[in-house]
Engineer: 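Here it is, the structure, as structure tokens.
For the numbers below, each heavy atom of this structure counts, side chains included, while hydrogens, waters and symmetry mates do not.
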Amino acid sequence: QVQLVESGGGLVQAGGSLRLSCAASGRTFRNYDLAWFRQAPGKEREFVAGGSWSGSRTYYADSVKGRFTIPRDNTKNTMYLQMNSLKPEDTAVYYCAAARTISPKPVADSWGQGTQVTVSS
């Protein structure tokens, strides 16, 4: 059982930055990779970024490569989504997930509650 708690969403202007946090807990959370997804109004949920707790594997959607990174603090069992050069099309509810696999296709087993990110133009 994995519990995930997100924080850090909000309103930001285009070109700005925002950092989301995902704190993981539970007996088995280190058996999973952590991944970030997002869902914009009227659209399907899509994979954004994710990777292993060790940092040896990281994956990014093409739409965020070069702008988003996923630093982690293993002492706090927390993975972050650092979002730079934000665009209005990044507006969505962002979810972190415990993923049994990310590549080639993400498969998430547990989800956080989601946090809203709004980028104004």
Engineer: For Leu18 and Gly8, which heavy atoms make the closest approach, and how far apart are they?
Structural biologist: CG-O, 3.7 Å

Engineer: Could you tell me which non-hydrogen atom of Cys22 sits nearest to which non-hydrogen atom of Leu34, and how far apart they are?
Structural biologist: SG-CD1, 4.0 Å

Engineer: Does any non-hydrogen side-chain atom of Val93 lie less than 4.5 Å from one of Arg45?
Structural biologist: no

Engineer: Short question: side chain of Thr78, backbone of Lys76 - any donor-acceptor pair under 3.5 Å?
Structural biologist: yes

Engineer: Identify the two heavy atoms, one from Ala40 and one from Ala92, that lie closest to each other, and give their separation to 0.1 Å.
Structural biologist: N-CB, 3.8 Å

Engineer: Would you confirm whether Thr69, through its side chain, and Pro71, through its main-chain N or O, come within 3.5 Å as a donor-acceptor pair?
Structural biologist: no

Engineer: With side chains defined as the heavy atoms from C-beta onward, is the minimum distance between Thr101 and Asp33 less than 4.5 Å?
Structural biologist: no

Engineer: Decide whether Val64 and Trp36 are clustered together by the hydrophobic rule: side chain heavy atoms of Ile, Leu, Val, Met, Phe, Trp, Tyr closer than 4.5 Å, transitively.
Structural biologist: yes

Engineer: Is it the case that the side chain of Ser52 and the backbone of Arg57 share a donor-acceptor pair, with hydrogens and angles ignored and the cut-off at 3.5 Å?
Structural biologist: yes

Engineer: Check Ile70 against Ala49 and note the closest heavy-atom contact, atom names and distance.
Structural biologist: CG2-CB, 3.8 Å

Engineer: Give me the one residue out of Phe37, Tyr60, Tyr95 that meets ring pair (Phe, Tyr, Trp, His ring centres under 6.0 Å) with Phe47.
Structural biologist: Phe37

Engineer: If every non-hydrogen atom of Ala98 is compared with every non-hydrogen atom of Leu4, which pair is closest and at what distance?
Structural biologist: N-CD1, 3.4 Å

Engineer: Is there side-chain contact between Asn74 and Arg72, with heavy atoms separated by less than 4.5 Å?
Structural biologist: yes

Engineer: Does Tyr32 have Arg100 sitting over its ring (NZ/CZ under 6.0 Å from centre, angle to axis within 45°)?
Structural biologist: no

Engineer: Determine yes or no for a side-chain-to-main-chain donor-acceptor pair under 3.5 angstrom, with Glu6 supplying the side chain and Gln113 the backbone.
Structural biologist: yes

Engineer: List for me each residue that meets side-chain hydrogen bond (donor to acceptor under 3.5 Å, both in side chains) alongside Thr118, sequence neighbours excluded, and say none if there are none.
Structural biologist: Gln116

Engineer: Would you confirm whether Gln39, through its side chain, and Tyr94, through its main-chain N or O, come within 3.5 Å as a donor-acceptor pair?
Structural biologist: no

Engineer: Can you sort out the partners of Phe29 under ring pair (Phe, Tyr, Trp, His ring centres under 6.0 Å), two or more places apart, ordered by chain and number?
Structural biologist: Trp53

Engineer: Is the shortest heavy-atom distance from the side chain of Leu20 to the side chain of Val117 under 4.5 Å?
Structural biologist: yes

Engineer: Could you pull out every donor-acceptor pair under 3.5 Å between side chains of residues 79-89 and any protein atom, sequence neighbours left out?
Structural biologist:
residue, atom, partner, partner atom, Å
Gln82, NE2, Asn84, OD1, 3.0
Asn84, OD1, Ser17, OG, 2.9

Engineer: State, with a plain yes or no, whether a side-chain heavy atom of Arg38 is found less than 4.5 Å away from one of Glu46.
Structural biologist: yes

